[in-house]
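Worksheet: the structure to be examined is printed underneath.
As the structure is a computational prediction, the values presented were derived from the model and not from experiment. Lettering follows sequence order; numbering is per chain, from 1.
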Amino acid sequence: LAKTTQPISMDSYEGQEVNITCSHNNIATNDYITWYQQFPSQGPRFIIQGYKTKVTNEVASLFIPADRKSSTLSLPRVSLSDTAVYYCLVGERGATNKLIFGTGTLLAVQP
Amino acid sequence: DAGVIQSPRHEVTEMGQEVTLRCKPISGHNSLFWYRQTMMRGLELLIYFNNNVPIDDSGMPEDRFSAKMPNASFSTLKIQPSEPRDSAVYFCASRGGRGSGVPSTDTQYFGPGTRLTVL
């Protein structure tokens, strides 16, 4: 599975847009990019998944450039409750029997 | 659906004791995963099952750890004997197969975890 690199931590304020970038230089043709969110004392939760260009759902947007060597998770107008660790994972969809979690990005939202 | 259910939520035991963690996956899901999370090592995959069959246990630390899935609705992770370094949060996750109706066939749904403390 392709290795991912993300910032260890980020700070933001309520109401701001937050963009978390993940690098995956060795991404393979069949790999998808998936983001999970983990709140304190809870298990990780699926946020969004994409292959190329842009994907948007009710929680976030995912931007993937043409070379797919990186991706950006965008959280619009964050609130205090968005404080969590965000993990970027890369692997084949469907056949992704393993999820390899990196260190993730700790997003701290302040009032 | 109640989601993935784990028990107990907290377990405190003494070194050398046997510990059994339990997991009930989401009904209809055909894959089950056990993870361990610590500050030092992050989130690690220990073992996973497809259709109740263990597929990859390469993440299991050593012979003291064992996992079983006797049927589609129940799995256990056992540590015998337990050691202080086993202290961690243990998560169980399940994943639906084809035709399960989930948005993505590889989306894993995690339980609330079991916080294990070995004294």
Side-chain angles (χ1 to χ4, degrees), chain A residues 1-9 22 27-28 30-52 55-62 64 71 73 84-107, chain B residues 2-6 9-10 21 23 25-26 29-51 53-60 88-100 102-116:
Chain A
L1 298 175
K3 181 179 178 180
T4 60
T5 303
Q6 338 174 202
I8 295 296
S9 63
C22 177
I27 190 169
N30 294 332
D31 286 343
Y32 279 71
I33 299 153
T34 309
W35 286 80
Y36 278 73
Q37 173 192 55
Q38 185 177 22
F39 296 115
S41 301
Q42 294 186 26
R45 182 183 71 150
F46 171 89
I47 301 178
I48 197 167
Q49 183 182 70
Y51 183 82
K52 61 181 180 180
V55 179
T56 298
N57 61 23
E58 65 279 5
V59 177
S61 294
L62 179 59
I64 305 168
S71 59
L73 176 72
V85 177
Y86 292 83
Y87 296 96
C88 166
L89 300 96
V90 175
E92 290 190 34
R93 185 174 178 177
T96 306
N97 290 313
K98 291 185 178 183
L99 289 182
I100 307 299
F101 286 83
T103 56
T105 298
L106 173 59
L107 172 65
Chain B
V4 175
I5 299 173
Q6 291 187 246
R9 293 295 309 276
H10 301 274
L21 311 181
C23 175
I26 293 173
H29 282 189
N30 62 1
S31 295
L32 184 140
F33 304 79
W34 282 101
Y35 292 86
R36 175 174 68 176
Q37 187 170 38
T38 62
M39 289 293 293
M40 292 297 295
R41 301 177 66 87
L43 198 59
E44 305 172 278
L45 176 65
L46 301 176
I47 186 173
Y48 75 92
F49 298 81
N50 274 353
N51 297 317
V53 177
I55 302 300
D56 186 346
D57 64 355
S58 60
M60 296 285 263
V89 179
Y90 291 80
F91 290 104
C92 174
S94 70
R95 181 184 71 191
R98 293 184 184 278
S100 67
V102 296
S104 171
T105 56
D106 62 0
T107 300
Q108 292 189 19
Y109 295 83
F110 284 75
T114 295
R115 182 173 295 278
L116 173 64

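- Interface check for chain B: of the options A:S41, A:G43, A:G104, the most heavy-atom pairs under 4.5 Å are formed by A:G43.
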> Can you check side chain to side chain contact (heavy atoms under 4.5 Å, CB included) on A:Q42 and B:F91, steps first, answer last?
Replying inline: CA-CA 9 Å; A:Q42 294 186 26; B:F91 290 104; 5.9 Å; no
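- With rounding to the nearest 0.5 Å, the separation of OH in A:Y36 from CZ in B:F110 is 6.0 Å.
- Contacts of B:Q6 with chain A are absent, with no heavy-atom separation under 4.5 Å from either backbone or side chain.
- One distance of note links CG of B:L43 with CG of A:L89; it measures 9.0 Å at 0.5 Å rounding.
- Residues A:Y87 and B:Q37 share a closest heavy-atom pair of OH-NE2, 3.3 Å.
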> Given A:F101 and B:Y35, is the side chain to side chain contact (heavy atoms under 4.5 Å, CB included) satisfied, shown in steps?
Replying inline: CA-CA 10 Å; A:F101 286 83; B:Y35 292 86; 4.1 Å; yes
